[in-house]
Amino acid sequence: MMRAYLDEAGLRFHGAPSETLRDAIDDLVDVLDDVREFDDEVVLWSDAAYDAEVDDDTTFMDFLFTAGDATLADARRRLMLAVNRLTSWETPDWELDVPDHDVHLAGEKVWAPSLAQAVTAESALGPIAVLALSTAREPGPTTVVLTDQAAILHTVTAPTGRRAFVRTWLQARPPAPVDFPCWLDRAFPDLRWTDEAQNGLRTNSKYFFGDRFPTTVHHLGVLNDHAADVFVEQKQNDLREKHLSALDVNASPESPNTRANRKAVEQRQVEWQGQTIAFWWHTKIRYDTGRIHFHHDASAPAPGRIVIGLCVEHLLV
């Protein structure tokens, strides 16, 4: 099961203006809501978070249950409801033995019982996410030291950081090809898939899994995060290739000769939303085999979206 911990030390406001704080709270609650949709994920926390200082002389409990800035009322209510739904790690089913509740973070000693749990969990279970407000912590890998034990935990402050963590978790615990589709919406939420593409990941699994799986995840991540913007900003295919190459993805459109070959055209055509689309662009998992064919759907709201049409060994050229 994928674990995340709500970080008591990550609830600090650091004097952020109300609008910034509201956005940070909404982002964190969006992450908590996303996790609740899946039975194979859990967010763990401790009631000790109520005693954490969020601002000078203000605890997390004070903030949640004492009327304050009216512009934060909705965000406060959302956060209160989300916290009430979390799972406590202070039960025999979840609690791990830890030597201390103080950890060292960015050279500073902080009281954070849930971070101590997360460090211990990481050594036994693999990648662990810690959830925090963006006013308190930068997202991404975070080194946390507990006595003589150090761990790189993955700070998540918003849904965009969650998808990056899911990809890290998947690479550490690769799923069976038949199970991979259940992770696509979490790891690559902006991609769209034809049935042929999802089936192709399974039927052509040897070209995308095993030692190729990290490359597959990376290519799909770039297609999710960057490709639509690249296709909008760059109108020439050679510039699109260069931009994707700079992101460590070998991608290209088919050659004019391939486009002129009737059989090659038919191989690349797939039904998508009532239309027959030719998926001319593809990424190369290896130089010889493993092709993810995709299409930039410019009809979707800007910057459009990337549709994955085929996942194959190699098509006719």
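Residues: numbered from 1 along the sequence shown.
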Quick one: does W281's side chain get under 4.5 Å of R240's, heavy atoms only?
yes

Any link between V43 and L133 through a network of hydrophobic side chains (Ile, Leu, Val, Met, Phe, Trp, Tyr) touching at under 4.5 Å?
yes

R12 side chain near V54 side chain, heavy-atom distance below 4.5 Å
no

When rounded to the nearest 0.5 angstrom, what is the spacing between CG in L310 and CD1 in I277?
12.0 Å

Would a hydrophobic clustering, with Ile, Leu, Val, Met, Phe, Trp and Tyr connected at side-chain separations under 4.5 Å, put V166 with F208?
yes

Taking every non-hydrogen atom, the tightest pair across L11 and A136:
N-CB, 4.2 Å

Any donor-acceptor pair under 3.5 Å linking the side chain of R202 with the backbone of Q198?
no

Please report the shortest heavy-atom distance between P189 and N224, naming the atom on each side.
N-OD1, 3.2 Å

Just grab all the salt bridge (Lys or Arg N to Asp or Glu O under 4.0 Å) pairs involving residues 169-187, residues at least two apart or on different chains.
D40-R186, E41-R186

Within-4.5 Å side-chain heavy-atom neighbours: P175 and L170
yes

Taking ring pair (Phe, Tyr, Trp, His ring centres under 6.0 Å) as the cut-off, I'd like each qualifying pair that reaches into residues 101-144, sequence neighbours left out, listed once.
none

What's the verdict on side chain to side chain donor-acceptor pair (under 3.5 Å) for E241 and S252, showing C-alpha distance, side-chain angles and the deciding distance?
CA-CA 6 Å; E241 286 187 53; S252 62; 4.9 Å; no

Applying side-chain contact (heavy atoms from CB on, under 4.5 Å) to I285 and Y207, what does each step give before you reach the verdict?
CA-CA 8 Å; I285 301 300; Y207 306 111; over 6 Å; no

The criterion is ring-ring contact (aromatic ring centres under 6.0 Å, His included); which residues satisfy it with W272, sequence neighbours excluded?
none

Measuring from atom OG1 of T135 to atom CG of D27, what distance do you get when rounded to the nearest 0.5 angstrom?
10.5 Å

Heavy-atom closest pair (F165 atom, R3 atom, distance to 0.1 Å) is CZ-O, 4.2 Å

What pairs meet the salt bridge (Lys or Arg N to Asp or Glu O under 4.0 Å) rule with one or both residues in residues 280-295, with sequence neighbours excluded?
D211-R286

Roughly how far apart are T216 OG1 and I292 CD1, rounded to 0.5 Å?
5.5 Å

To the nearest 0.5 Å, what is the distance between CG on L64 and CE on M80?
5.5 Å

Contacts of type ring-ring contact (aromatic ring centres under 6.0 Å, His included), residue F180, not counting sequence neighbours:
F209, F213

Under the salt bridge (Lys or Arg N to Asp or Glu O under 4.0 Å) definition, can you give me all pairs with a residue in residues 132-150, not counting sequence neighbours?
D7-R137

Counting heavy atoms not belonging to Q275, are there more than 12 under 6.0 Å from its CD?
no

Close side-chain approach of M2 to W183, heavy-atom, < 4.5 Å:
yes

Heavy-atom nearest pair, T147 first then P99, reads OG1-CG, 3.6 Å

side-chain contact (heavy atoms from CB on, under 4.5 Å) for H218 and D248? Distances and angles first, verdict last.
CA-CA 8 Å; H218 177 70; D248 199 24; 3.6 Å; yes

Correct closest heavy-atom pair for S205 and P177 would be CB-CG, 3.5 Å

Let me check something: do F65 and V83 share a hydrophobic cluster, defined by ILVMFWY side-chain heavy atoms less than 4.5 Å apart, either directly or through other members?
yes

Partners of D23 by side chain to side chain contact (heavy atoms under 4.5 Å, CB included), sequence neighbours excluded?
E19

Can you name the ring-ring contact (aromatic ring centres under 6.0 Å, His included) partners of H296, sequence neighbours left out?
F231

Return each pair, listed once, that meets ring pair (Phe, Tyr, Trp, His ring centres under 6.0 Å) where at least one residue sits in residues 9-45; pairs must be two or more places apart or across chains.
F13-F63, W45-Y50

Working note: T91 + S88, criterion side chain to side chain donor-acceptor pair (under 3.5 Å); need CA distance, chi angles, decisive distance, verdict.
CA-CA 7 Å; T91 66; S88 173; 5.9 Å; no

Shared hydrophobic cluster, L244 / L220 (ILVMFWY, side-chain heavy atoms < 4.5 Å):
yes

Going by heavy atoms in the side chains, are R167 and R163 under 4.5 Å from each other?
yes

Could you check whether any side-chain heavy atom of T194 comes within less than 4.5 Å of a side-chain heavy atom of V307, counting everything from C-beta outward?
yes

Below 4.5 Å, heavy atoms only, C-beta onward: do V35 and R162 meet side chain to side chain?
yes

Within one Ile-Leu-Val-Met-Phe-Trp-Tyr cluster: V270 and F294, side-chain cutoff 4.5 Å:
no

Could you tell me whether D39 atom CG has more than 12 heavy atoms of other residues or ligands within 6.0 Å of it?
no

Linking Ile, Leu, Val, Met, Phe, Trp and Tyr by side-chain heavy atoms under 4.5 Å, what else ends up with L146?
M1, Y5, V42, L44, W89, W94, L96, V98, V103, L105, V110, L115, V119, I128, V130, V144, L153

Using 0.5 Å steps for rounding, measure from the CH2 atom of W193 to the CG atom of L184.
5.0 Å

Can you measure from CZ (R305) to NE2 (H295) and round to the nearest 0.5 angstrom?
9.0 Å

Ignoring hydrogens and angles, tell me if any N or O in the side chain of D62 forms a donor-acceptor pair with the backbone of T59 under 3.5 Å.
yes

Please tell me if the side chains of V217 and F188 come closer than 4.5 Å, counting only heavy atoms from C-beta onward.
yes

Determine, for R78 against D33, whether the closest basic-nitrogen to carboxylate-oxygen distance falls under 4.0 angstrom.
yes

Looking only at side-chain N and O atoms, does T289 offer a donor or acceptor that is under 3.5 Å from a partner on E313?
no

What one should report as the nearest heavy-atom pair of A112 and A9 is CB-CB, 4.1 Å

Verify whether one side chain among D69 and T71 offers a donor that lies under 3.5 Å from an acceptor in the other.
yes

Each residue besides I152 in its hydrophobic cluster should be listed here, by chain and number; the cluster joins Ile, Leu, Val, Met, Phe, Trp and Tyr at side-chain heavy-atom distances under 4.5 Å.
none

Partner residues of H293 under the ring-ring contact (aromatic ring centres under 6.0 Å, His included) criterion, sequence neighbours left out
H282

